2 protein chains.
Amino acid sequence: MTCRNEERHTVARPTIEDIARRVGVSKGAVSFALNGRPGVSEATRARILKAAEEMNWRPHTAARALGGARAGAVGLVIARPARTLGVEPFFAQLLSGLQAGLSAQSVALELLVVEDTEAEIEVYRRWASEHRVDGFIMVDLQVKDPRVEIVESLDVPAVVLGGPGRHGSLPSVWADDREAMLSIVDYLAALGHRRIAHVAGLPAFQHTQRRMRALRDSARRLGLADVVSLPTDFSDAEGATTTRMLLSRPGRPTAIVYDSDLMAVAGLGVAAEMGVAVPGELSIVAFDDSVLTRIVHPALTALSRDTFALGTEVAEVLLGIIGDPGLRRDHRTPTPRLVVRESTGAPPLAG
Amino acid sequence: MTCRNEERHTVARPTIEDIARRVGVSKGAVSFALNGRPGVSEATRARILKAAEEMNWRPHTAARALGGARAGAVGLVIARPARTLGVEPFFAQLLSGLQAGLSAQSVALELLVVEDTEAEIEVYRRWASEHRVDGFIMVDLQVKDPRVEIVESLDVPAVVLGGPGRHGSLPSVWADDREAMLSIVDYLAALGHRRIAHVAGLPAFQHTQRRMRALRDSARRLGLADVVSLPTDFSDAEGATTTRMLLSRPGRPTAIVYDSDLMAVAGLGVAAEMGVAVPGELSIVAFDDSVLTRIVHPALTALSRDTFALGTEVAEVLLGIIGDPGLRRDHRTPTPRLVVRESTGAPPLAG
DNA sequence: CCCGTTCACTAGAGCGGTTTAGTAACCGGT
DNA sequence: ACCGGTTACTAAACCGCTCTAGTGAACGGG
């Protein structure tokens with residue numbers, strides 16, 4: 001007598017063995033049927049699927065993983081102080097996109113925030129050796145990145161978000177930061193700006209370096225003498241102090257480009273506090289777009305990219321190489337587009 | 001041809017059997033030793049631990065979970081449109097706290113963002129039946145919450161963030177929203193405000209209801225006639241339109257309380273756009289604190305709570321009931337404290 | 001000296017899947 | 001009628017770990 005009544009006794013989860021017994025076939029046949037692989041007739045397959053459905057069967061992931069199969073999850077480890085992460089709309093958007101891409105194959109995302117790269121590497125080691133995940137997503141590619149070699153040696157599929165270049169044999173998904181920075185500078189120069197400052201991110205990050213180089217090259221090409229990049233740690237605090245410093249020195253810039261939307265908003269706050277009119281006396285551009293740039297007043301001109309789509313693409317690439325480790329290749333995503341809002345305009349005449 | 005044994009020759013992960021062979025004992029003995037349970041002498045235990053260490057052994061989580069043991073992960077499912085989540089500093093902070101608490105017992109956090117409650121419930125069902133997690137964390141408690149009954153029936157440990165009340169037999173971690181709202185109204189009334197508006201969140205959420213009720217009660221007690229709560233969907237867009245509506249009608253409020261920091265910032269933007277001085281003509285209070293409230297100008301007066309600590313506490317409570325399902329009890333956290341910054345002041349004289 | 005206990009440890013049965021080797025039936029071609 | 005090949009299925013090994021039942025030795029009490 002099966003105790004199907006849901007009084008209080010939760011019915012034990014059915015296994016493929018239960019299904020096999022009920023349908024009158026072997027465990028193996030059930031496994032074939034449920035996984036859509038040859039070895040059973042269509043008639044039997046249908047009966048098995050029907051029984052599985054009726055009994056509300058679900059695979060036991062641990063059992064699957066044990067057989068050497070997939071873990072059904074991929075890992076994302078982020079090495080940033082929790083506070084910084086807290087307000088980066090970028091990551092949240094990326095996360096959503098990743099999950100959208102992963103859930104198509106009902107793969108879960110295992111997320112961990114750690115303090116530094118060392119801890120991050122330790123997590124890669126642990127998760128790989130525990131078979132907890134089928135692959136990794138690596139973000140914040142560094143200039144000389146110790147993670148690349150280690151993840152390669154772990155022999156676990158992985159995708160790097162960022163590049164191009166310097167990520168070893170790992171495939172990457174990247175957007176052209178250089179091209180994007182050039183478009184910003186061209187736009188500002190066309191408005192008449194000649195003193196442009198760049199409040200950059202962590203100099204250890206590859207994309208920071210690439211943006212700084214692009215700005216320098218661009219300045220040379222356009223003959224702008226007074227152009228400077230100042231590194232920060234991406235925090236609102238450093239974004240604010242750097243802005244304050246820039247605005248209080250003589251011959252202050254007429255335009256500032258921020259490497260993140262958060263720092264741009266912080267910079268806008270400083271300008272308001274110091275009584276510097278935006279965009280009258282100062283133009284502000286954010287190198288990243290999100291709700292943040294739109295809710296402040298004036299709304300910020302920003303480099304907009306579809307972070308959600310970026311996440312989806314990363315997920316797809318990773319699932320691809322998990323399925324077939326052969327197809328490692330880099331994927332270039334559309335170059336971010338500059339969305340002009342209210343924070344940019346011609347420089348003051350005196351400038 | 002498997003590319004498993006190439007020149008690099010990744011050493012196969014050692015199993016307890018390998019350790020057993022090397023030390024010259026049985027698998028069982030190794031298991032006992034590694035899990036710190038009786039059944040082996042101290043001398044043997046030491047030898048086994050040493051060998052495990054030398055061989056760099058790590059438990060295979062799937063194998064453990066299969067034996068009916070823990071999955072080593074807990075689940076957090078958030079049902080909000082991805083875009084909204086993107087900028088809620090609250091969740092990011094909470095996440096960090098959760099992970100800090102969980103990593104103490106090296107439990108992972110499985111995170112999933114879904115579109116609606118129905119999908120959320122489906123995920124609970126699936127994860128529970130797949131033994132993917134050992135417990136759940138439920139956020140955004142609703143007024144009549146269908147999730148409570150279902151999670152109870154799944155017979156999986158779970159903690160509710162929010163309350164008190166209406167979460168069935170599930171333990172909850174909660175802060176006193178009512179008390180907090182009273183403190184805000186008292187503060188504003190003391191400044192002289194009599195027309196106070198409340199841009200609330202989703203009315204389906206219990207905390208929204210509790211705040212609205214607190215405001216109403218408080219208004220009656222203080223004899224304020226012109227007090228109103230307007231529900232929104234928590235998005236910056238509705239926060240902005242609601243603000244615009246409030247500010248453009250005759251007898252507009254002299255103070256607005258926003259249910260989230262994001263909406264407060266959006267409201268501040270609208271005020272700036274409409275030329276309403278803050279705090280000269282309008283005081284703004286955010287019912288949640290984060291970097292956002294500090295980077296804008298003027299910085300916003302906000303209700304500050306330690307979201308990180310909240311996350312840690314939730315994690316601890318959940319791990320507690322996973323370990324011992326007996327100790328279900330509610331945990332009250334400190335009432336949020338009002339941090340006065342630059343966005344509040346006395347109402348205009350005419351008001 | 002014998003019996004009962006405790007101790008340290010072994011053997012092996014699961015856990016729920018996947019996968020391989022094996023088998024019996026059937027089919028078409030000569 | 002015979003052969004080779006395919007199809008549909010079964011039985012059982014296997015993944016790595018946990019945990020129970022069992023074993024032999026040492027020990028202590030009567």
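Chain letters run A, B, ... following the sequence lines, proteins first and then strands; every chain starts at 1. These numbers come from a predicted model, not from an experiment.
Rounded to whole Å, the distance from CD1 on B:Ile48 to C1' on D:dC17 is 14 Å. Between A:Arg21 atom CZ and D:dA11 atom P the separation is 13 Å, expressed in whole Å. Whole-Å rounding puts the A:Arg132 CZ to D:dC17 P distance at 14 Å. Atom P of nucleotide D:dC19 and atom CG of B:Leu66 are separated by 13 Å, given to the nearest angstrom. Here C:dG17 presents its P atom at 11 Å from CE of A:Met55, a figure rounded to the nearest Å.
Listed by first and then second residue, the salt bridge (Lys or Arg N to Asp or Glu O under 4.0 Å) pairs that reach into residues 91-111 of chain B are B:Glu110-B:Arg132, sequence neighbours excluded. Each salt bridge (Lys or Arg N to Asp or Glu O under 4.0 Å) pair with one or both residues in residues 23-36 of chain A, not counting sequence neighbours, would appear here, but there are none. Applying the ring pair (Phe, Tyr, Trp, His ring centres under 6.0 Å) test to every pair with at least one member in residues 43-65 of chain B, sequence neighbours left out, gives these pairs: A:His131-B:His60.
Applying the side-chain hydrogen bond (donor to acceptor under 3.5 Å, both in side chains) rule to B:Thr307 yields no partners; only residues at least two apart in sequence or on another chain are considered. Shown here are the side-chain hydrogen bond (donor to acceptor under 3.5 Å, both in side chains) partners of B:Gln142, two or more places apart in sequence or in another chain: B:Thr117. Residues passing the side-chain hydrogen bond (donor to acceptor under 3.5 Å, both in side chains) test with B:Ser26: none are found, sequence neighbours excluded. Shown here are the side-chain hydrogen bond (donor to acceptor under 3.5 Å, both in side chains) partners of A:Arg22, two or more places apart in sequence or in another chain: A:Glu54. Residues forming a ring pair (Phe, Tyr, Trp, His ring centres under 6.0 Å) with B:Phe32 (at least two apart in sequence, or on another chain): none.
OP1 or OP2 of C:dG16 has not a single side-chain nitrogen or oxygen of A:Trp57 nearer than 4.0 Å. The side chain of B:Arg64 places an N or O atom within less than 4.0 Å of a non-bridging phosphate oxygen (OP1 or OP2) of D:dT18. Between A:Ser26 and the phosphate of D:dT10, there is a side-chain N or O to OP1/OP2 separation shorter than 4.0 Å.
Recorded end-axis angle for the helix from C:dC1-D:dG30 to C:dT30-D:dA1 stands at 50°, based on five pairs per end and rounded to 10 degrees.
Comparing C:dT10, C:dG17, D:dT18 against the side chain of B:Val25 picks out C:dT10 as the nearest.
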Please tabulate, for side-chain N and O atoms in residues 309-323 of chain B, each donor-acceptor pair with protein atoms closer than 3.5 Å (sequence neighbours left out).
unit_1   : atom_1 : unit_2   : atom_2 : d
B:Thr312 : OG1    : B:Phe308 : O      : 2.9

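Taking a 4.0 Å limit (strictly below) on heavy-atom distances, residues 32-46 of chain A reaches DNA chain C at A:Phe32, A:Asn35, A:Arg37.
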Using atom names, set out every protein N or O paired with an N or O of nucleotides 12-14 of chain C below 3.5 Å, distance rounded to 0.1 Å.
none

